[in-house]
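Bear in mind the structure is a predicted one, so any value in this text is a computation, not a measurement. Computed over heavy atoms, backbone and side chain alike; hydrogens, waters and symmetry mates excluded.
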Amino acid sequence: MSDGPAGHGSRHGTARRRAENLAVATATLVAVAHAAPAAVRLPGVRRAFPALAGRGRPDHIALTFDDGPDPRSTPYFLDALDELAVRATFFVLGDSLLHHPDTARDIARRGHELAVHGWTHSRPWLPAVTRDLREVAHAARAVRLATGAVPRWYRPPYGILTGGRRLAAARAGLRPVLWTAWGRDWTARATPASVLATVRRDLRGGDTVLLHDSDRTAAPGCWRAALGALPAFVRACRDEGWAVGPLAEHGIDG
């Protein structure tokens, strides 16, 4: 009877269920491989990976900015940094650089470091390794073409370092770096005082600080809060005996 129509159909049904279960298991593994590395954006997880978080020399603070170049706001940061005699690292978006190469060149001309923030400020909801490889490579190439400098660092948008983005950074010769302190300067309610207080809350020597020189992915005009906080922030660091500078001078180990 097992060779009859009923048995034949039962075998096919079992095979189909096995195939479906295998497909679900495979999709789950792909999703985990894609998303699990992104957990490092969480503060508690980042502390377990000090080099990835940006822990450097104890006498130094790395000052970094995301989301530019933006001709409406980035020049104000460059002027302020000149007045403070501080150099920083700017994590730039490839599509912004493509539209505003003069601003990117001005960042480099004034002695700052350009790094890769991706091509667009997208959230990687689904695995797309080919896209990640293409976009990170294109962004790194755009930095080289615009400034003549080879970028060293990569910070993914939102700090979401998926498996695909990690691979893309490695292929492009970039080192992923997130942050250890930020100013929450992207909100509509941010003020220079709130940004300064948030950054300083747990600030210590060796930290990498994240601010934004553009509001393109945030509340309109919020960049003014970060700009206004800069002088007091730099003074506070110097009062503690910490130099402020780019990631290139930060001495990240590992």
* Going through the distances and angles, do Leu178 and Phe49 end up as a side chain to side chain contact (heavy atoms under 4.5 Å, CB included)? -> CA-CA 10 Å; Leu178 301 181; Phe49 301 91; over 6 Å; no

* **side chain to side chain donor-acceptor pair (under 3.5 Å) between Ser214 and Asp67, worked out** => CA-CA 6 Å; Ser214 172; Asp67 295 358; 5.9 Å; no

* To do: Would you check, one step at a time, whether the test side chain to side chain donor-acceptor pair (under 3.5 Å) holds for Asp213 with Thr74?
  => CA-CA 5 Å; Asp213 64 309; Thr74 302; 2.7 Å; yes

* So His112 and Leu81, side chain to side chain contact (heavy atoms under 4.5 Å, CB included) or not? Walk me through it. -> CA-CA 10 Å; His112 303 286; Leu81 292 169; 3.6 Å; yes

* CA sep, side-chain torsions, deciding dist, call: Thr120, Asp95, side chain to side chain donor-acceptor pair (under 3.5 Å) -> CA-CA 6 Å; Thr120 62; Asp95 68 342; 5.8 Å; no

* Asked: Step by step, would you call His60 with Glu249 a side chain to side chain contact (heavy atoms under 4.5 Å, CB included)?
  -> CA-CA 8 Å; His60 189 267; Glu249 300 171 2; 4.0 Å; yes

* Could you walk me through whether Asp79 and Arg110 pass the side chain to side chain contact (heavy atoms under 4.5 Å, CB included) test, one step at a time? => CA-CA 9 Å; Asp79 289 344; Arg110 299 210 204 185; 2.7 Å; yes

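The nearest pair of heavy atoms linking Trp153 to Ala115 is O-CB, 3.5 Å. Between Arg109 and Asp106, the shortest heavy-atom contact is NH2-OD1, 2.5 Å. The two residues Leu230 and Ala80 come nearest to each other via the heavy atoms CD1-CB, 4.3 Å. Taking both residues in full, the closest heavy atoms of Thr187 and Ala219 are given as C-CB, 3.8 Å, listed atom of the first, atom of the second, then distance. Residues Asp132 and Ala168 come closest through the heavy atom pair O-CB, 3.4 Å. Residues Leu196 and Ala229 come closest through the heavy atom pair N-CB, 4.1 Å.
Taking NE2 of His100 as the start and CG of Leu93 as the end, the distance is 10.5 Å to the nearest 0.5 Å. Once rounded to the nearest 0.5 Å, the distance linking CZ of Arg87 with CG of Leu78 reads 9.0 Å. With values rounded to the nearest 0.5 angstrom, Thr103 atom OG1 is found 11.0 Å from Arg72 atom CZ. Between the SG atom in Cys222 and the CG atom in Asp215 there is a gap of 5.5 Å [rounded to 0.5 Å]. Considering CZ of Arg201 and OG1 of Thr198, their distance stands at 4.5 Å, rounded to 0.5 Å. Taken from CZ in Phe65 to NE2 in His212, the straight-line distance is 10.5 Å, to the nearest 0.5 Å.
For the pair Arg235 and Leu84, the minimum side-chain heavy-atom distance is 4.5 Å or more. Between Leu97 and Val143, some side-chain heavy-atom pair lies under the 4.5 Å cut-off. Ile107 has its side chain out of reach of Thr147: every pair of non-hydrogen atoms, C-beta onward, lies at least 4.5 Å apart. At a threshold of 4.5 Å between non-hydrogen side-chain atoms, the residues Ser96 and Asp70 do not count as touching. Residues Val199 and Leu210 fail the side-chain proximity criterion, which asks for heavy atoms closer than 4.5 Å. Side chains of Leu167 and Val129 form a contact here, defined as non-hydrogen atoms less than 4.5 Å apart. Put simply, the side chain of Val195 does not reach to within 4.5 Å of the side chain of Arg184, judged on heavy atoms. Between Pro69 and Leu114 the shortest side-chain heavy-atom distance does not fall below 4.5 Å.
In terms of modelled atom types and a separation under 3.5 Å, the side chain of His250 and the main chain of Gly206 share a donor-acceptor contact. No side-chain donor-acceptor contact under 3.5 Å links His121 to the backbone of Pro157.
Classified by interplanar angle (parallel below 30°, tilted 30° to 60°, perpendicular above 60°), the ring pair Trp223/Tyr76 is parallel. Using bins of under 30°, 30° to 60° and over 60° for the plane-to-plane angle, the ring pair Trp182/Trp186 lands in the perpendicular bin.
The aromatic ring centroids of His117 and Tyr154 lie 6.0 Å or more from each other.
Applying the side chain to side chain donor-acceptor pair (under 3.5 Å) test between Thr89 and each of Arg155, Glu113, Arg152 identifies Glu113 as the sole match. Checked against Arg55 for a side chain to side chain donor-acceptor pair (under 3.5 Å), the options Thr208, Asp207, Thr180 give a single hit: Asp207. Among the candidates Arg131, Glu135, Arg134, the single residue satisfying the side-chain contact (heavy atoms from CB on, under 4.5 Å) test with Trp119 is Glu135.
Within a 6.0 Å radius of CG in Asp239, other residues, nucleotides and ligands contribute more than 12 heavy atoms. Remark: Arg200 CZ is loosely packed, at most 12 non-hydrogen atoms of other residues, nucleotides or ligands lying under 6.0 Å away.
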